[in-house]
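Bear in mind that the values here come from a model prediction, so they are computed numbers and not experimental data. So you know, we letter chains A, B, ... as the sequences are listed, proteins then strands, and number each from 1.
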Number of protein chains: 2
Amino acid sequence: MPLSHAPLRRKVTLIDIAAACGVSRATVSLVLRGSPLVNRDTRARVQAELQRQGYIYNRAAANLRRRTTSSIALVVNDLGNPFFAEFAAGVDEVVGAAGFVTLLGSTGESAERQQAVLGSLVEHNPGGVILSPAEGSEAARVMDALGPQMPLLMFNRELEGEAPASAPWDTLMLDNARGIGLATEHLIARGHRRIAFFGGHARSTPGQQRRAGFLAAMKRAKLEVPSGFLVESAPNRLDAARASAVLLDLRTRPTAAVCYNDAVALGLMLAMGRRGMRPGRDLALTGFDDIDEAALASPGLTTLATAPRERGRQAARLLLARLGHPHEPGQRTTVPVELVIRESSCPPPAA
Amino acid sequence: MPLSHAPLRRKVTLIDIAAACGVSRATVSLVLRGSPLVNRDTRARVQAELQRQGYIYNRAAANLRRRTTSSIALVVNDLGNPFFAEFAAGVDEVVGAAGFVTLLGSTGESAERQQAVLGSLVEHNPGGVILSPAEGSEAARVMDALGPQMPLLMFNRELEGEAPASAPWDTLMLDNARGIGLATEHLIARGHRRIAFFGGHARSTPGQQRRAGFLAAMKRAKLEVPSGFLVESAPNRLDAARASAVLLDLRTRPTAAVCYNDAVALGLMLAMGRRGMRPGRDLALTGFDDIDEAALASPGLTTLATAPRERGRQAARLLLARLGHPHEPGQRTTVPVELVIRESSCPPPAA
DNA sequence: GGCTACATTTGGATCGTTCTATATCCGGAC
DNA sequence: GTCCGGATATAGAACGATCCAAATGTAGCC
């Protein structure tokens with residue numbers, strides 16, 4: 001695929017500075033890197049000249065020669081999703097503080113685009129990749145794009161297919177099952193018996209885990225889950241609002257719904273409002289993520305806080321730590337989530 | 001087999017492919033770039049070998065040799081702000097489609113950090129920079145970090161100080177004054193007479209423009225603006241909630257408030273709720289940005305839609321167009337915003 | 001003066017590509 | 001048999017930095 005490239009004007013290089021100071025390139029290079037080997041006077045002269053000519057270090061050239069990198073690639077599904085935006089902010093914070101630069105890519109939740117994005121990013125030779133995979137992305141294809149050497153940290157979702165033993169990756173996952181378990185138990189404790197699980201794709205990693213957490217909690221409490229009480233939707237507000245009808249039109253409605261995430265819960269609330277139902281009174285519900293809107297919604301949404309910015313920082317730290325040791329076995333990290341109780345998880349009408 | 005001293009396998013380069021195929025580096029290079037000069041058979045052989053060895057193109061080396069770039073730097077205040085997150089998503093979309101990669105930096109609204117971030121990004125030799133400047137950033141310092149040649153697009157805010165004639169930049173600004181004018185006129189049309197302007201920093205570019213738009217509209221309608229009706233705050237929810245007291249404690253309260261942006265409006269709504277006041281009944285208000293939460297809040301927030309993702313796309317297109325022509329005069333683009341009427345802008349109690 | 005020790009400086013070679021100019025092969029025209 | 005032109009292929013010098021080994025200068029010591 002042909003790519004367009006922009007022409008550049010001639011820039012000031014080491015050679016220009018060296019010539020102006022009457023020293024060699026090597027000396028200027030040493031000054032740039034703060035080596036103690038250069039004489040005080042020489043250093044001062046060179047530094048003045050660097051300033052005067054407005055020299056800009058060419059890190060790409062240095063990286064080429066030194067066979068190093070100074071960037072990290074970050075690939076997320078959609079920056080428009082506040083969860084990922086916060087995550088990205090956290091990643092960039094730590095990556096930047098470590099003197100690296102973040103190469104951004106977004107997939108729009110398409111495995112095809114993800115493949116193209118990875119292919120493009122990897123050509124820029126990042127030190128490693130933080131990937132929040134698009135739904136349905138396969139391990140084999142990802143490894144194909146990245147090569148076997150690239151340090152890789154998977155966030156939030158697993159890839160489909162096995163990790164080759166030769167090229168393990170690190171993972172950073174939320175404790176989805178336990179989180180949803182907490183929410184479910186909270187609703188049960190408030191007296192609910194007919195509880196549904198609403199939204200998300202059943203086959204995605206978090207979807208599986210969250211459903212599993214829900215079902216396990218219900219089983220522990222010896223409560224039935226009628227088949228109509230498991231409703232799928234895309235993990236966004238719009239599609240959730242659409243899918244709400246399936247739940248709300250049931251002959252025997254649940255008294256509470258554990259939602260896949262906050263966006264879905266907010267979509268359900270929207271749909272309820274349109275029918276004149278009041279969330280938190282006519283139906284209790286919980287979310288997942290604790291996005292800003294959760295606190296703001298009316299009623300406030302009971303949800304699971306995941307601290308996405310801190311997760312971003314953590315992801316960056318994990319990947320940076322891995323850079324030096326590309327061949328050690330992949331490390332799996334699961335972070336707990338915290339139940340934040342607000343008004344949406346009211347007791348059932350009967351109680 | 002012990003792995004302890006396993007050498008890190010060198011990356012595959014042109015030379016490896018050339019050697020394996022019995023051709024020269026130049027030929028492989030031509031194949032990579034799809035030149036018609038190579039024989040069909042040779043091309044096929046080389047391509048098979050590229051595949052077989054898992055060759056990854058080193059764009060940094062190519063850019064060095066060709067004196068080109070394949071990246072764009074994007075510097076925003078805070079990705080956690082949905083407005084900028086959407087903007088960034090739009091930028092990356094177009095930048096990626098043009099075969100470039102986005103280098104991300106965020107300033108956390110600090111001119112100091114911005115300086116460091118720009119310094120770090122510019123070493124990676126981006127083709128241009130899209131900058132949404134931190135408050136109080138000065139033209140001279142920014143130009144100092146970027147050098148006089150770097151194509152630059154300023155979004156949303158102006159820099160303090162003059163653009164040097166030698167190095168103009170492009171700007172993409174929202175039509176703040178007109179937008180706020182629309183909101184103000186809308187409230188006046190609904191019957192409000194005592195209207196305040198709430199939130200934002202008076203000295204920031206959008207702050208100045210929005211205040212000016214408000215004052216102009218009030219003047220056109222021959223309405224007074226008592227001095228207490230101009231309240232400042234940081235442009236976020238938290239500080240706005242804090243600053244709300246100043247407005248709500250006034251002896252003669254306004255019946256409506258034009259807010260600096262949605263975050264500020266939501267903060268004001270929050271503060272009202274705590275006092276038992278109902279936004280949209282006890283006080284009408286409007287926002288700016290039309291973030292997702294605006295539609296969701298209760299009551300829905302009347303606001304000005306800025307379509308931040310589309311603005312991001314537009315910014316990227318403007319900058320990409322500029323890459324080829326770095327010396328043409330800077331171009332100023334102002335985009336209109338659209339009034340979205342919801343329930344928060346109710347008529348005053350009297351009417 | 002010759003020697004070593006230390007501080008400072010430097011000329012290539014090199015990283016992985018691309019560019020320029022030149023080389024080679026081949027078949028057909030003369 | 002020579003010459004020519006088109007089609008392919010290639011060697012070697014870039015690009016802007018860093019690394020290495022070696023060179024230079026300076027001082028102290030015998």
Side-chain angles (χ1 to χ4, degrees), chain A residues 2-3 5-47 49-50 53-70 122-127 147 149, chain B residues 8-47 49-50 53-70 122-126 147 149:
Chain A
L3 299 173
H5 296 272
L8 285 184
R9 288 243 328 192
R10 207 186 128 52
K11 283 188 179 165
V12 181
T13 75
L14 276 193
I15 302 193
D16 303 310
I17 307 296
C21 293
V23 297
S24 73
R25 304 185 314 287
T27 303
V28 179
S29 176
L30 290 173
V31 169
L32 280 176
R33 286 172 290 153
S35 160
L37 292 181
V38 277
N39 184 284
R40 285 175 56 98
D41 294 352
T42 314
R43 177 195 311 283
R45 248 187 323 140
V46 169
Q47 270 166 343
E49 190 63 22
L50 288 168
Q53 295 202 30
Y55 171 79
I56 290 177
Y57 186 71
N58 185 331
R59 199 170 287 277
N63 281 335
L64 175 59
R65 172 59 181 130
R66 304 182 51 194
R67 302 161 142 231
T68 56
T69 344
S70 52
V122 82
E123 292 184 350
H124 289 85
N125 189 31
Q149 310 276 355
Chain B
L8 197 139
R9 208 172 65 189
R10 258 194 52 235
K11 277 191 183 160
V12 180
T13 75
L14 278 193
I15 303 192
D16 303 311
I17 306 296
C21 293
V23 297
S24 73
R25 303 186 313 288
T27 303
V28 179
S29 176
L30 290 173
V31 170
L32 280 176
R33 287 173 291 154
S35 160
L37 292 180
V38 277
N39 183 286
R40 284 175 55 98
D41 294 353
T42 313
R43 176 193 311 284
R45 246 185 327 137
V46 169
Q47 270 166 346
E49 191 62 23
L50 288 168
Q53 295 202 29
Y55 170 79
I56 289 177
Y57 186 69
N58 185 332
R59 197 169 290 277
N63 281 334
L64 175 60
R65 172 60 231 228
R66 302 182 52 197
R67 301 162 139 237
T68 57
T69 339
S70 52
V122 82
E123 292 184 350
H124 289 85
N125 189 29
Q149 310 277 353

Rounding to an integer number of Å, can you tell me how far [X] [atom1] sits from [N] [atom2]?
{"X": "A/Q53", "N": "D/dG16", "atom1": "CD", "atom2": "P", "value": "14 Å"}
{"X": "A/L64", "N": "D/dA14", "atom1": "CG", "atom2": "P", "value": "17 Å"}
{"X": "B/D41", "N": "D/dA7", "atom1": "CG", "atom2": "C1'", "value": "13 Å"}
{"X": "B/N63", "N": "D/dC15", "atom1": "CG", "atom2": "C1'", "value": "11 Å"}
{"X": "A/Y55", "N": "D/dG16", "atom1": "OH", "atom2": "C1'", "value": "8 Å"}
{"X": "B/R65", "N": "D/dA17", "atom1": "CZ", "atom2": "P", "value": "16 Å"}

Review point. For DNA chain C, which nucleotides open and close the run of contacts to chain B, 5' to 3', at under 4.0 angstrom from a non-hydrogen atom?
Key: C/dG16 to C/dC19

Do [X] and [Y] touch side chain to side chain, with heavy atoms closer than 4.5 Å?
{"X": "B/V31", "Y": "B/Q47", "answer": "yes"}
{"X": "A/L14", "Y": "A/Y55", "answer": "yes"}
{"X": "B/V12", "Y": "B/I56", "answer": "no"}
{"X": "A/V46", "Y": "A/L32", "answer": "no"}
{"X": "A/S70", "Y": "A/N63", "answer": "yes"}

Check your understanding: Is there a donor in the side chain of A/T13 and an acceptor in the side chain of A/N58, or the other way round, less than 3.5 Å apart?
Key -> no

Point to revise | Side-chain donor/acceptor of A/R43 to backbone N/O of A/S35, under 3.5 Å | key: yes

Point to revise | Any donor-acceptor N/O pair, B/R33 side chain to B/S29 backbone, under 3.5 Å | key: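 Judged by distance alone, yes, a pair lies under 3.5 Å.
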
Point to revise | Inter-axis angle, terminal five-pair segments of the helix from C/dG1-D/dC30 to C/dC30-D/dG1 [nearest 10°] | key: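 Comparing the first five pairs with the last five, the axes sit 80° apart.
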
Would you name the heavy atoms of [X] and [Y] that are closest together and state the gap between them?
{"X": "A/V23", "Y": "A/R45", "answer": "CG1-NH2, 4.1 Å"}
{"X": "B/N125", "Y": "A/K11", "answer": "OD1-NZ, 2.7 Å"}
{"X": "A/G127", "Y": "A/T69", "answer": "N-CG2, 3.3 Å"}

Could I get a table of every N or O pair under 3.5 Å where one atom is in the protein and the other is in nucleotides 9-11 of chain D?
from, atom 1, to, atom 2, distance (Å)
D/dA9, OP1, B/T42, OG1, 2.7
D/dA9, OP2, B/N39, N, 3.0
D/dT10, OP2, B/S24, N, 2.8
D/dT10, OP2, B/S24, OG, 3.3
D/dT10, OP2, B/T27, OG1, 2.8

Practice item. Please state whether the phosphate of D/dC19, meaning OP1 or OP2, lies under 4.0 angstrom from any side-chain nitrogen or oxygen of A/R66. Key: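 Yes, such a contact exists.
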
Review point. Which part of the nucleic acid, if any, lies within reach of B/I56 when heavy atoms closer than 4.0 Å are counted: base, sugar-phosphate only, or nothing?
Key: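 Sugar-phosphate contact only.
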
